[in-house]
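Comments concern the structure below.
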Amino acid sequence: MSRRVLITGCSSGIGLDAARRMQSLGWQVVATCRKDADIAARRAEGMECHPLELSDPDSVARLADRVLADGPLDALVNNAAFALPGAVEDMPRGALRSIFEANLFGTHDLTVRLIPHFRQHGGRIVNISSVLGLIGIRWRGPYVATKFALEGLTDVLRLEMAGTPVKVILIEPGPIASRIRANAIPHFERWVNWQNSARADEYRAGLLKRLYEPSGKDRFELPPSAVSDRIVHALTAARPRPRYYVTTPTWMSGTARRLLPTRALDWFARHG
């Protein structure tokens, strides 16, 4: 019987590439998307696909119940997340609540609903973090906060699952070709009143151009397949690593965070 993996956020980017890769390796893929068109597209590719809105506890509960009712599950890849760019001082409370509901609380909710099954049958939990879960950079505060929190929660879960048949793994990509920047625009427009910000000129000179006038490939950017390579290893190796770095900036950031003082980290975040 083929192994079965649930991967969240499979509309594009990392999630879509991972779903296709695991399917090509003979795994039965259960994908999730938010939009009906994307769900239909994944089903047309032969995947089981269901809607998931991580910020909605009922949606999370329905997905977990349905996935487990359809048969044994061998792995969960928590990939779905969104970005909310802008200065920290311009983020209202509701903005932080919205991104934490999806990127952390919903992810956690789905995970703990599946852990009893994994305890009984064995399983792997792979959380897709980010280089921004290792080091903060300007204009990315809310996303950085969710990924720092995900890192900590995942590390503790891994320690607590020691001695059980559940393996918990972090994957930390750096710049990866995806739609995360374009997908962030609606969240930015909803929450950030940049025109009345003390940093309005900085928005015009920097962030707005980056959001609305992308200049092309980021330095060190890799395709989503680079992350899929690590996901495959995390799901198939007899002894998967606790964490996998993807792209040069992530290796550099992980090393810098361990070795450098805070002032040096700040310089690295501005200039690295």
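In this chain, numbering begins with 1 at the start of the sequence shown. Keep in mind that the numbers below use all heavy atoms, side chains included, and drop hydrogens, waters and symmetry copies.
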Criterion side chain to side chain contact (heavy atoms under 4.5 Å, CB included) against L170, the qualifying member of N127, I125, V126: N127
Does L52 reach the side chain of V60, with side-chain heavy atoms less than 4.5 Å apart? yes
Do the non-hydrogen side-chain atoms of R181 and L211 ever get within less than 4.5 Å of each other? yes
Regarding R113 and D65, does a basic nitrogen lie under 4.0 Å from an acidic carboxylate oxygen? no
A side-chain contact here means heavy atoms from C-beta on lying under 4.5 Å apart; do R20 and M47 qualify? yes
Test salt bridge (charged side-chain N to carboxylate O under 4.0 Å, His left out) on E151 and R243; report intermediate values, then the result. CA-CA 10 Å; E151 292 264 334; R243 61 202 329 119; 2.6 Å; yes
Rounded to the nearest 0.5 angstrom, the CG-CG distance for N78 and L150 is 7.5 Å
Is there side-chain contact between S11 and K35, with heavy atoms separated by less than 4.5 Å? no
Does the side chain of T32 reach to within under 4.5 Å of the side chain of R42, using non-hydrogen atoms? no
Please step through side chain to side chain contact (heavy atoms under 4.5 Å, CB included) for the pair V227 and D17, ending with a clear verdict. CA-CA 9 Å; V227 184; D17 192 88; over 6 Å; no
For side chain to side chain contact (heavy atoms under 4.5 Å, CB included), just list the numbers for H187 and S98, CA-CA rounded to whole Å, side-chain angles, deciding distance to a tenth of an Å, and then say yes or no. CA-CA 9 Å; H187 303 287; S98 71; 5.7 Å; no
Quick one: does C49's side chain get under 4.5 Å of C33's, heavy atoms only? yes
Please tell me if the side chains of I115 and E160 come closer than 4.5 Å, counting only heavy atoms from C-beta onward. no
Has the side chain of K167 got a donor or acceptor atom that lies under 3.5 Å from a matching backbone atom of M161? no
Side-chain touch P142/M91, heavy atoms, less than 4.5 angstrom: yes
Would you call the rings of F100 and F105 parallel, tilted or perpendicular, taking 30° and 60° as the class edges? tilted
